[in-house]
**Student:** 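This is the structure I want to talk about, given as C-alpha cells.
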There are 2 protein chains.
Amino acid sequence: MLANRPPNSYDVAQAAGVSQSAVSRAFSPGRSIAKATKEKVLKAAAELGYQPNAIARSMSSARTKAVQKSGLVGVVVTQLENQFFAKIVHTLSLSLQEQGWQILLFSVESEVDVDPALFELTQYQVDGVIVLSALMSQKVAQHCRNLSTPVVVFNRYIKDLDISAVRVDNYAGGRMAADVIVDAKHQYIAHIAGIQEEQTGVDRELGFCERLRERGATLYQREVGDYTFDSGYEATQRLLNMQPRPDAIFCASDLMALGAMHAARTLFGLSIPTDLTIIGFDDVPAAAWPGHQLTTISQPIEEMGQAAVKTLVSEMENPETPASQQVFAGKMVLRSSSLSDLYAQI
Amino acid sequence: MLANRPPNSYDVAQAAGVSQSAVSRAFSPGRSIAKATKEKVLKAAAELGYQPNAIARSMSSARTKAVQKSGLVGVVVTQLENQFFAKIVHTLSLSLQEQGWQILLFSVESEVDVDPALFELTQYQVDGVIVLSALMSQKVAQHCRNLSTPVVVFNRYIKDLDISAVRVDNYAGGRMAADVIVDAKHQYIAHIAGIQEEQTGVDRELGFCERLRERGATLYQREVGDYTFDSGYEATQRLLNMQPRPDAIFCASDLMALGAMHAARTLFGLSIPTDLTIIGFDDVPAAAWPGHQLTTISQPIEEMGQAAVKTLVSEMENPETPASQQVFAGKMVLRSSSLSDLYAQI
DNA sequence: TTGAAAGCGCTACCAT
DNA sequence: ATGGTAGCGCTTTCAA
C-alpha cells in the first residue's frame with residue numbers, strides 16, 4: 001500500500017523497474033537516457049500521477065547551476081489597483097512564464113513595505129527581482145548585491161547605479177505636452193504634479209516647464225496630486241476657481257487628468273477642449289473612451305516589460321552583466337481633450 | 001576565506017560558536033533555546049548577512065508539518081488588467097502575506113491556459129490555490145484532490161462540489177437591477193449579457209429576467225458582450241438603433257455599462273438617465289466618477305477576498321475541512337445613471 | 001546508458 | 001537547553 005503522500009522519484013523508479021537516477025534523467029531535457037527507458041519511466045510516472053518536485057529540484061541544482069536556481073522571480077508592486085501597473089505585471093508574467101520562470105508576487109500597500117518584502121523574497125531564493133514603482137533603499141540594494149541577486153527597477157530611478165532600470169523618458173514627455181499646449185496658444189497654463197518624492201513626476205514637470213520657457217511661455221500655476229483620480233479632481237477645483245481661469249492643464253498621470261476632466265465638466269460646466277485643454281500621461285484604457293478622448297503620452301508598456309525581463313534574464317544568466325539604464329520614448333497621442341493647432345490637425 | 005556563496009546555518013554556527021541545530025532553533029519562533037544563545041546566533045547571522053533558506057526549510061518540514069509545507073499559495077487570474085480582478089489579487093496578497101504565505105502568481109491570457117498553470121503550480125508544492133474567474137477542468141480538480149491541495153475558486157461555479165467557492169449572489173443582483181428599472185417605469189428594457197459560457201453572467205441575466213416577469217415587465221431585447229468596455233459600446237449601438245429605442249439597459253459588468261454610457265452620449269446624444277437608464281455590475285472605481293455616476297451592484301471584494309483566504313487557510317491547516325460554498329450579497333448602489341422612483345429618492 | 005551515492009540547507013528527533 | 005544525526009526529493013558526479 002502506498003503511503004498517503006504524493007509519489008516521488010523512488011516510487012516511479014520502482015514502478016518502472018529502473019533506478020531513481022533514471023527517473024531524474026527522464027525528466028531533465030537533454031540528458032543522456034535511452035528512449036525505451038525514458039518511455040517506461042514516463043508511463044509509470046503518468047500512472048502514479050508523479051510530478052517532479054520543483055522545490056527539491058532547485059535545492060539540488062542550486063549548487064552547480066548558475067541560472068534557475070529556484071526558478072522564481074520576485075515582483076514587487078505598490079499600486080496593483082492602478083491599471084497601468086496591473087498591465088505591467090501581466091506583461092511581465094507572460095514574458096517570464098514563457099522563459100520558464102515563476103513569479104513570486106508582493107503587492108504592498110505603500111513604499112515603506114517594499115524593504116521588508118524584498119527581504120522575504122530573498123529568503124525564497126528568488127533568482128532575480130523586478131521592482132515596480134517603488135523606492136528601494138540603499139540597504140536593500142546592498143543586500144541584493146551581497147546575494148548577487150539581480151534587480152531591475154521599472155519606471156524608477158535608483159541612485160545606486162549598479163541596479164538596472166527600465167523607464168520611459170519622462171522629461172521628454174513633459175516637453176511634448178508643453179509643445180502641444182504652446183502650439184494651441186494657451187495663455188494660462190497649469191500643471192498638476194505627481195508625488196514630489198518620486199523622480200518620475202519631477203522629471204515630467206521639469207521637461208514641461210523647461211520647454212514652456214524655451215517657447216516663451218510660462219507656468220501660470222501648479223498643484224500637487226498623488227496620481228489618483230481624486231487628487232486630480234480636487235486639484236482641478238482649486239485651479240479652476242482662479243481668476244483668470246487656466247485654459248490648459250498638463251497632469252502627471254492619466255488618472256489625474258480624468259479627474260480634472262470630470263471636475264471641469266461637472267463642477268464648472270466647461271467644454272473640453274473649447275474652454276480647457278487637458279493632457280495626461282500613461283495612456284490608460286479609459287483615456288481612449290469616447291467621452292474622454294484624452295490627449296496623453298503613451299508608454300510602450302509591453303516593450304518596456306519585455307526589456308525588463310530580458311535585462312533581468314541576462315543578468316541572471318550571467319552575473320557579470322553590467323547594470324544598464326534603458327530609457328524608452330513615450331508617444332504623444334493627440335485626442336480631442338486638447339486644442340490642436342493647424343499643423344497637428346493635418 | 002569564505003566561498004562565494006550566501007552564508008548558511010553552518011557558517012553562522014561556526015561564527016557564533018554553537019551547533020547548527022542552535023542556529024535553526026534561533027530562527028524558529030517558539031522553540032526551546034536560551035536567550036543568550038539566541039542573541040549570539042542572531043548577532044553572528046546579522047554580521048554574515050545570513051537569512052534562512054525558505055526553500056530548504058520547506059523541504060525538511062514537508063515531512064512532518066501539515067501546514068506551510070512550502071509556504072506558497074498559487075493564485076491564477078485570467079484578467080489582471082480588469083481593475084476588478086487586480087483589486088482582488090491585491091486583497092488576497094495582503095491577507096495571505098499577513099498570515100505568512102507567499103503568492104505564486106499566474107496571470108494567464110485565457111481560460112485555456114489555466115490547466116497548464118495549475119500543473120506548474122503543483123510542481124512548486126503550493127500549499128493551496130486560489131483560482132479567479134477561470135474554468136477549472138475536472139481533470140485539474142481531480143489532480144489537486146490527489147495531491148490533497150486545497151483549492152478555492154473566486155466568483156466561479158465549480159461543478160465539482162468538492163471544491164470551495166466564494167462568490168457574490170449574481171442571481172439576486174440581477175433581481176435588484178430589475179426592481180430599480182421596473183420601479184422607474186421603463187418600457188423598453190434591454191440587457192447586455194456577459195460571456196455565455198460562464199455561469200456568473202448567466203445568473204445575472206436569469207435573476208434579471210425572472211424578476212422582470214414577476215413584476216409584469218418583459219425583456220425587450222438582449223445583446224451579448226464579453227465584459228469589456230468595447231463590447232458594451234458596440235452592443236449599445238445595436239440596441240439604440242432599434243425602433244422604439246430602449247429606455248433602460250442592464251449590463252452584466254460595469255465596464256460594459258460604461259461603454260454603453262459613452263456610446264449613448266457620444267453617438268446618440270442621449271442624456272442619462274433622462275433618455276436612458278443604465279445599470280452596471282461590480283462597482284469599479286470609474287463607476288463613481290462624477291461624469292459617470294453609474295448605478296450598479298457593488299461586490300464586497302475585501303470581505304470576499306478575506307473569506308477566500310480564510311477558507312483556504314482552514315483547509316490547508318486541516319485537510320479534513322469539507323469544501324464550502326459561500327455566497328455574498330451584492331449591494332445596490334443608486335447613482336444618477338438610473339431614474340429613480342419616489343421611494344428610491346427618499 | 002545506467003546505477004550508486006553524495007549532498008543542497010534545513011527541521012525534527014534523539015540523546016545528553 | 002544543547003548537539004548530533006537522519007532525511008526531505010532531487011541533481012549530479014563517478015563507476016561500471
Side-chain angles (χ1 to χ4, degrees), chain A residues 3-14 16-41 45 48-72 122-125 127 147, chain B residues 3-14 16-41 45 48-72 122-125 127 147:
Chain A
N4 183 24
R5 56 160 176 75
N8 62 23
S9 55
Y10 286 92
D11 299 327
V12 177
Q14 192 170 24
V18 297
S19 75
Q20 182 271 339
S21 319
V23 177
S24 171
R25 279 192 275 265
F27 281 92
S28 309
R31 322 266 335 287
S32 146
I33 186 172
K35 202 170 170 187
T37 314
K38 185 166 180 176
E39 273 165 16
K40 252 196 310 194
V41 171
L48 292 176
Y50 167 81
Q51 282 190 299
N53 181 328
I55 299 267
R57 175 173 265 180
S58 77
M59 273 223 57
S60 33
S61 18
R63 193 173 12 148
T64 39
K65 275 170 73 186
V67 202
Q68 297 255 133
K69 291 184 200 315
S70 67
L72 261 24
T122 54
Q123 289 192 18
Y124 270 90
Q125 313 301 113
D127 297 333
L147 263 38
Chain B
N4 183 23
R5 56 160 175 75
N8 61 25
S9 55
Y10 286 92
D11 299 327
V12 176
Q14 192 170 23
V18 296
S19 73
Q20 182 272 338
S21 317
V23 177
S24 171
R25 278 193 278 265
F27 281 92
S28 309
R31 322 253 349 280
S32 149
I33 186 171
K35 204 171 169 187
T37 313
K38 184 167 181 175
E39 274 165 15
K40 253 196 309 193
V41 171
L48 293 175
Y50 167 81
Q51 283 189 299
N53 180 328
I55 299 267
R57 176 174 265 181
S58 77
M59 274 224 55
S60 33
S61 14
R63 192 174 13 147
T64 39
K65 275 169 74 185
V67 201
Q68 298 254 135
K69 291 185 203 311
S70 68
L72 259 27
T122 55
Q123 288 191 17
Y124 270 91
Q125 313 302 113
D127 297 334
L147 263 38

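The structure displayed is predicted, hence computed values, not measured ones. Throughout, protein chains are lettered first and strands after them, A, B, ... in sequence-line order, and every chain is numbered starting at 1.
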**Student:** Minimum heavy-atom separation for A:Ser70 to A:Ser58, with atom names?
**Tutor:** CA-CB, 3.6 Å

**Student:** How far apart are the closest heavy atoms of A:Val23 and A:Tyr50, and which atoms are they?
**Tutor:** CG1-CE2, 4.3 Å

**Student:** Would you mind reading off the distance between B:Arg57 atom CZ and C:dC10 atom P, rounded to a whole angstrom?
**Tutor:** 8 Å

**Student:** My understanding is that only residues two or more places apart in sequence, or in another chain, count here; which of them pass side-chain contact (heavy atoms from CB on, under 4.5 Å) with B:Lys40?
**Tutor:** B:Val18

**Student:** Compute the bend angle of the helix from C:dT1-D:dA16 to C:dT16-D:dA1 from the end axes (five pairs per end), rounded to 10°.
**Tutor:** 40°

**Student:** For B:Ser21, give me all partners under side-chain hydrogen bond (donor to acceptor under 3.5 Å, both in side chains), at least two apart in sequence or on another chain.
**Tutor:** none

**Student:** Just to be sure I understand the rule, does A:Phe27 reach a base, reach only the sugar-phosphate, or reach nothing, if contact means heavy atoms closer than 4.0 Å?
**Tutor:** nothing

**Student:** Any side-chain N or O of B:Ser9 less than 4.0 Å from the OP1 or OP2 oxygen of C:dC10?
**Tutor:** yes

**Student:** In whole angstroms, how far is the P atom of D:dT11 from the CE atom of B:Met59?
**Tutor:** 11 Å

**Student:** Could you pull out the protein-nucleic contacts involving nucleotides 1-5 of chain C (nitrogen or oxygen on both sides, under 3.5 Å)?
**Tutor:**
unit_1, atom_1, unit_2, atom_2, d
C:dT1, OP2, A:Ser32, OG, 2.7
C:dT2, OP1, A:Thr37, OG1, 2.3
C:dT2, OP2, A:Ala34, N, 2.7
C:dT2, OP2, A:Thr37, OG1, 3.3
C:dG3, OP2, A:Ser19, N, 3.1
C:dG3, OP2, A:Ser19, OG, 3.0
C:dG3, N7, A:Arg25, NH2, 2.7
C:dA4, N7, A:Ser21, OG, 3.1
C:dA4, N6, A:Ser21, OG, 3.1

**Student:** Please identify each residue that fulfils side-chain hydrogen bond (donor to acceptor under 3.5 Å, both in side chains) with B:Thr122, with sequence neighbours left out.
**Tutor:** A:Gln51, B:His143

**Student:** Report the residues that fulfil side-chain contact (heavy atoms from CB on, under 4.5 Å) with B:Gln14, sequence neighbours left out, ordered by chain and then residue number.
**Tutor:** none

**Student:** Counting just side-chain N and O atoms, does A:Asn53 come under 4.0 Å of either OP1 or OP2 of D:dG9?
**Tutor:** no

**Student:** Enumerate donor-acceptor pairs with a distance under 3.5 Å from any side-chain N or O in residues 24-37 of chain B to protein atoms, sequence neighbours excluded.
**Tutor:**
unit_1, atom_1, unit_2, atom_2, d
B:Ser28, OG, B:Ser24, O, 2.9

